[in-house]
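Structure first, commentary second.
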Amino acid sequence: MQGIAKEMHFSETTFIVSDSQPNGGYDVRIFSPKEEVPFAGHPTLGTAYVIQSEMLQEPVEQVLLNLTVGQILVTFTYDGGEADILWMQQKEATFGRQLDPKNMAEVLGIKPADLDERFPVEEVSTGLPHIIVPLKTLESVRRIQVARDKYFALIEQQWARSILVFCQETYQSQNQVNVRVFAEYYAVPEDPATGSGNGCLAGYLVKHHYWGSNQIDVRSEQGYEIDQPSLLLLQAQEGDGQIAVAVGGKVIQIAKGEFI
């Protein structure tokens with residue numbers, strides 16, 4: 001599996017281990033070109049789509065996946081009989097350490113004043129941990145140039161290996177946040193679309209009442225800076241001391257083939 005993932009050289013490659021359903025779900029493993037990862041958002045949505053369209057070949061309301069991180073439920077909406085928006089119920093948001101903003105600014109090649117000091121730089125996980133960094137403006141987001149040596153020195157000391165930066169200014173007026181994700185540890189210098197990271201962001205936004213509320217329903221744009229624009233839908237709500245997170249997106253099959 002690792003060899004195939006390296007050869008494919010996508011952000012992640014997913015393997016459906018069996019068409020049986022132990023514990024009610026399909027066993028799935030996900031690999032980056034460098035290593036196996038416990039969870040990744042877009043591969044989870046894509047895998048559920050493949051199971052529905054290629055294996056089951058009929059509309060279903062939901063597909064349950066057994067990932068290394070645990071079971072992830074994916075639900076389907078349909079448009080004219082074809083799968084439209086898929087939603088994954090990510091793991092409950094958990095929080096790690098808060099990091100020094102000045103040090104993070106040096107890693108990102110920006111100024112400390114570019115960070116939104118109202119909110120912390122913080123580790124968050126809904127299956128795969130990310131460092132969440134709030135910035136003030138889209139101009140600050142565009143200006144980021146990750147210092148590779150400082151990045152690797154930083155993540156050696158952290159739970160999270162990926163950095164997600166965001167701001168409220170967006171390229172498209174219908175969206176609420178602009179996001180960039182840097183994950184060279186996983187052989188992805190910049191990821192154009194990160195479901196796991198946006199799930200972490202959703203938990204972060206609710207925890208810190210970013211819009212003054214304990215729930216959100218927002219559109220997140222990503223990948224514009226590298227000419228690979230993407231859109232994700234984020235929902236999260238705090239209740240009983242927990243933050244539930246769902247991330248939705250549209251899945252389109254662009255190619256398929258066979259191993260010989």
inquiry  = With a 3.5 Å distance limit and no angle check, can you tell me whether H42 reaches the backbone of G195 through a side-chain donor-acceptor pair?
reply    = yes
ask   = Using 30° and 60° as the class limits, which term best fits the ring planes of Y171 and Y224: parallel, tilted or perpendicular?
value = parallel
query = When clusters are formed from ILVMFWY side-chain contacts under 4.5 Å, directly or step by step, what else is grouped with L64?
reply = L73
key: Other cluster members, I226 - Ile/Leu/Val/Met/Phe/Trp/Tyr, side-chain contacts below 4.5 Å   = none
ask   = Who passes salt bridge (Lys or Arg N to Asp or Glu O under 4.0 Å) against E117, sequence neighbours left out?
value = K136
task = State which residues pass salt bridge (Lys or Arg N to Asp or Glu O under 4.0 Å) with R29; sequence neighbours excluded, sorted by chain then number.
result = E36
ask   = With sequence neighbours excluded, what pairs up with S125 under the side-chain hydrogen bond (donor to acceptor under 3.5 Å, both in side chains) test?
value = none
query = Residues in side-chain contact (heavy atoms from CB on, under 4.5 Å) with S140, at least two apart?
reply = D114, L135, T137, R143
Scan the side chains in residues 97-111 for donor-acceptor partners under 3.5 Å anywhere in the protein, sequence neighbours excluded, and list what turns up.
residue : atom : partner : partner atom : Å
R97     : NH2  : Q157    : O            : 2.3
R97     : NH2  : Q158    : OE1          : 3.2
D100    : OD2  : N103    : N            : 3.2

inquiry  = Test: side-chain hydrogen bond (donor to acceptor under 3.5 Å, both in side chains). Region: residues 67-81. Which pairs qualify, not counting sequence neighbours?
reply    = N66-Q71
inquiry  = Closer than 3.5 angstrom, by distance alone: can the side chain of E123 be matched with the main-chain N or O of I131 as a donor-acceptor pair?
reply    = no
request  = Could you tell me whether a side-chain N or O of S32 sits under 3.5 Å from a main-chain N or O of E35, the two making a donor and an acceptor?
outcome  = yes
ask   = Can any side-chain N or O of E190 pair as donor or acceptor with the backbone N or O of V188 at less than 3.5 Å?
value = no
task = Please test E225 against R142 for salt bridge (charged side-chain N to carboxylate O under 4.0 Å, His left out), starting from the C-alpha separation and ending with a verdict.
result = CA-CA 7 Å; E225 292 76 15; R142 292 189 187 119; 5.5 Å; no
ask   = Of the non-hydrogen atoms in S220 and V179, which two are nearest, and what is the gap between them?
value = OG-CG2, 3.4 Å
query = Looking at side-chain heavy atoms only, is the closest gap between V74 and L45 below 4.5 Å?
reply = yes
task = Check the side chains of Q62 and W87 for a donor-acceptor pair under 3.5 angstrom, ignoring hydrogens and angles.
result = no
query = Looking at residues at least two apart in the chain, or sitting in another chain, which of them share a ring-ring contact (aromatic ring centres under 6.0 Å, His included) with F95?
reply = none
request  = Using the test ring-ring contact (aromatic ring centres under 6.0 Å, His included), find all partners of F182 that sit at least two apart in sequence or belong to another chain.
outcome  = none
Can you give the donor-acceptor pairs under 3.5 Å from side chains of residues 247-260 to other protein atoms, not counting sequence neighbours?
residue : atom : partner : partner atom : Å
K250    : NZ   : D84     : OD1          : 2.5

key: Residue pair V124, T94: steps toward the side-chain contact (heavy atoms from CB on, under 4.5 Å) verdict   = CA-CA 6 Å; V124 187; T94 56; over 6 Å; no
ask   = With a cut-off of 6.0 Å (strictly less than), are more than 12 heavy atoms of other residues, nucleotides or ligands near CD of Q145?
value = no
Give every donor-acceptor pair under 3.5 Å between a side-chain atom in residues 230-239 and any protein atom, sequence neighbours left out.
residue : atom : partner : partner atom : Å
S230    : OG   : P192    : O            : 2.8
S230    : OG   : Q222    : O            : 3.3

query = Does F39 reach the side chain of K91, with side-chain heavy atoms less than 4.5 Å apart?
reply = no
ask   = Of the non-hydrogen atoms in P33 and Q2, which two are nearest, and what is the gap between them?
value = O-NE2, 3.0 Å
query = Does some side-chain heavy atom of F15 sit less than 4.5 Å from a side-chain heavy atom of I4?
reply = yes
Any donor-acceptor N/O pair, D191 side chain to A193 backbone, under 3.5 Å = yes
